[in-house]
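Since this is a predicted model, take the numbers as computed values, not measurements.
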Amino acid sequence: MGRLLLALSLFFYSFLGANPVNPESGEVLAKMASALKSNKAMELKFRMTAVGVDGSVEGSFSGIVQAQGYAFKLVNPDLEVFCDGVSKWILNVAEGELTIFPNDTTQVDLVENPVGFLSSLNSSNSQFKQPAKAQLIRNPLSGREIWSVDLTPKNRYAAYKSLTVCIDKESFLPSVLMYRSNDGNSYTITIESIKPTPVWPLSFFQFPAERTNSLNVTDLR
């Protein structure tokens with residue numbers, strides 16, 4: 001895994017060569033947002049890998065995100081998030097703690113709602129500054145050409161030091177996210193598949209009431 005991450009990093013920062021027609025980064029991010037929003041419902045499968053300051057792999061897990069308008073659902077071994085667009089349920093799996101919040105549609109978080117986060121990167125309230133141009137590189141796993149956009153947070157106290165978004169050149173769907181935190185750790189999110197799905201009933205995005213009996217519940221609505 002460590003060698004794979006090293007190869008990813010080397011390839012992601014090895015350009016295919018000078019490209020005088022590289023598009024504006026804002027244009028690429030806008031096309032990604034449009035591609036994500038082109039389907040009423042979609043499912044995204046991903047793998048996240050954390051690497052420490054010394055380059056050692058500290059953890060890796062897979063997860064699934066299902067999104068539909070303002071509603072979304074994320075499930076991984078450590079965290080479950082349900083949101084029906086009005087309320088948001090966040091389950092800390094290890095602690096057995098469920099917290100319920102009113103949903104703020106203007107706030108999106110990469111860890112909780114990757115699809116909403118990616119769709120917001122070119123909006124007026126984005127928390128990141130964009131470079132002038134996107135760069136054309138090649139995904140070392142698939143061999144496909146991708147646009148790479150290196151973003152920096154507007155707030156110097158933000159949790160992220162940098163964020164690189166890699167976007168498929170043909171479909172304009174995201175393929176890899178790489179971000180570095182202020183403590184020097186880095187995280188790679190590899191999107192293994194992303195596809196449209198049939199529309200789900202709203203209840204699909206609501207935390208099952210029968211599961212709350214065994215949990216410590218805090219309702220902040």
Side-chain angles (χ1 to χ4, degrees), residues 8-9 12-13 22-38 42 44 46-51 53 63 65-74 76 78-90 92 99-135 137 146-168 172-191 194 205 220:
L8 281 169
S9 299
F12 285 149
Y13 291 97
N22 280 358
E24 300 288 333
S25 60
E27 175 188 347
V28 172
L29 292 174
K31 288 184 177 180
M32 177 182 67
S34 178
L36 289 170
K37 294 176 181 177
S38 63
M42 65 169 41
L44 181 154
F46 67 92
R47 171 166 286 278
M48 174 181 277
T49 302
V51 177
V53 179
V65 179
Q66 291 141 328
Q68 182 174 294
Y70 286 119
F72 62 92
K73 176 180 174 182
L74 176 146
N76 67 53
D78 301 315
L79 182 73
E80 293 185 24
V81 183
F82 290 70
C83 179
D84 63 2
V86 177
S87 297
K88 182 191 295 183
W89 296 258
I90 300 180
N92 181 322
T99 308
I100 311 173
F101 302 89
N103 183 46
D104 182 353
T105 58
T106 66
Q107 298 296 321
V108 288
D109 183 88
L110 174 58
V111 176
E112 292 181 10
N113 182 10
V115 175
F117 175 83
L118 290 167
S119 299
S120 73
L121 287 176
N122 198 47
S123 65
S124 58
N125 64 345
S126 173
Q127 301 173 11
F128 291 88
K129 295 181 289 186
Q130 304 170 5
K133 299 286 186 178
Q135 302 295 333
I137 60 176
I146 53 179
W147 295 115
S148 175
V149 180
D150 294 325
L151 302 167
T152 54
K154 295 176 181 178
N155 182 354
R156 65 177 181 173
Y157 300 110
Y160 306 130
K161 181 180 293 185
S162 64
L163 170 67
T164 298
V165 182
C166 298
I167 302 163
D168 188 87
F172 282 96
L173 291 171
S175 60
V176 177
L177 309 177
M178 300 174 66
Y179 68 93
R180 186 177 298 278
S181 63
N182 285 328
D183 61 9
N185 293 331
S186 60
Y187 303 85
T188 299
I189 302 173
T190 303
I191 298 174
I194 183 168
F205 300 99
L220 302 176

Sub-4.5 Å side-chain heavy-atom contact between [X] and [Y]:
| X | Y | value |
| --- | --- | --- |
| Leu29 | Ile167 | yes |
| Lys129 | Pro153 | no |
| Ile90 | Glu112 | yes |
| Val65 | Phe46 | yes |
| Asn113 | Val81 | no |
| Thr188 | Val176 | yes |
| Gln66 | Met42 | no |

Does a donor on one side chain and an acceptor on the other come within less than 3.5 Å for [X] and [Y]?
| X | Y | result |
| --- | --- | --- |
| Glu80 | Asn92 | no |
| Asp150 | Thr164 | yes |
| Gln135 | Asn22 | yes |

Report the distance from atom [atom1] of [X] to atom [atom2] of [Y], rounding to the nearest 0.5 Å.
| X | Y | atom1 | atom2 | value |
| --- | --- | --- | --- | --- |
| Leu220 | Thr99 | CG | OG1 | 6.5 Å |
| Met48 | Asn76 | CE | CG | 8.0 Å |
| Lys161 | Ser181 | NZ | OG | 8.0 Å |
| Ile137 | Ile146 | CD1 | CD1 | 4.0 Å |
| Leu163 | Thr152 | CG | OG1 | 9.5 Å |
| Lys88 | Gln107 | NZ | CD | 8.5 Å |

| query | Does the pair Gln130 and Asn122 meet the rule for a side-chain hydrogen bond (donor to acceptor under 3.5 Å, both in side chains), with working shown? | reply | CA-CA 9 Å; Gln130 304 170 5; Asn122 198 47; 2.8 Å; yes
Where the side chain of [X] meets the backbone of [Y], is there a donor-acceptor pair that is under 3.5 Å apart?
| X | Y | answer |
| --- | --- | --- |
| Asn103 | Gly85 | yes |
| Ser175 | Cys166 | yes |
| Ser34 | Ala30 | no |
| Ser126 | Ser123 | no |

Which of Ser25, Pro131, Ser162 passes side-chain contact (heavy atoms from CB on, under 4.5 Å) with Leu151? It is Pro131
* To do: Apply the test side-chain contact (heavy atoms from CB on, under 4.5 Å) to residues Lys73 and Cys83: give CA-CA distance (whole Å), side-chain angles for both, the deciding distance (0.1 Å), then the verdict.
  => CA-CA 6 Å; Lys73 176 180 174 182; Cys83 179; over 6 Å; no
Identify the heavy atoms of [X] and [Y] that sit nearest to each other, and give their distance.
| X | Y | value |
| --- | --- | --- |
| Met32 | Leu118 | CE-O, 3.4 Å |
| Phe82 | Phe205 | CB-O, 3.4 Å |
| Lys154 | Ser124 | NZ-O, 4.3 Å |
| Val86 | Asp84 | N-OD1, 2.9 Å |
| Trp89 | Ile100 | CD1-CG1, 3.5 Å |
| Val165 | Leu121 | CG2-CD1, 3.8 Å |

**Message:** Could you go through Asn185 and Val53, starting from their C-alpha distance and side-chain angles, then the distance that decides it, and tell me whether this counts as side-chain contact (heavy atoms from CB on, under 4.5 Å)?
**Reply:** CA-CA 5 Å; Asn185 293 331; Val53 179; 3.8 Å; yes
If you draw a 6.0 Å radius around CZ in Phe101, do more than 12 non-hydrogen atoms from other residues or ligands fall strictly inside?
yes
Is the centre of the Tyr160 ring less than 6.0 Å from the centre of the Tyr179 ring? yes
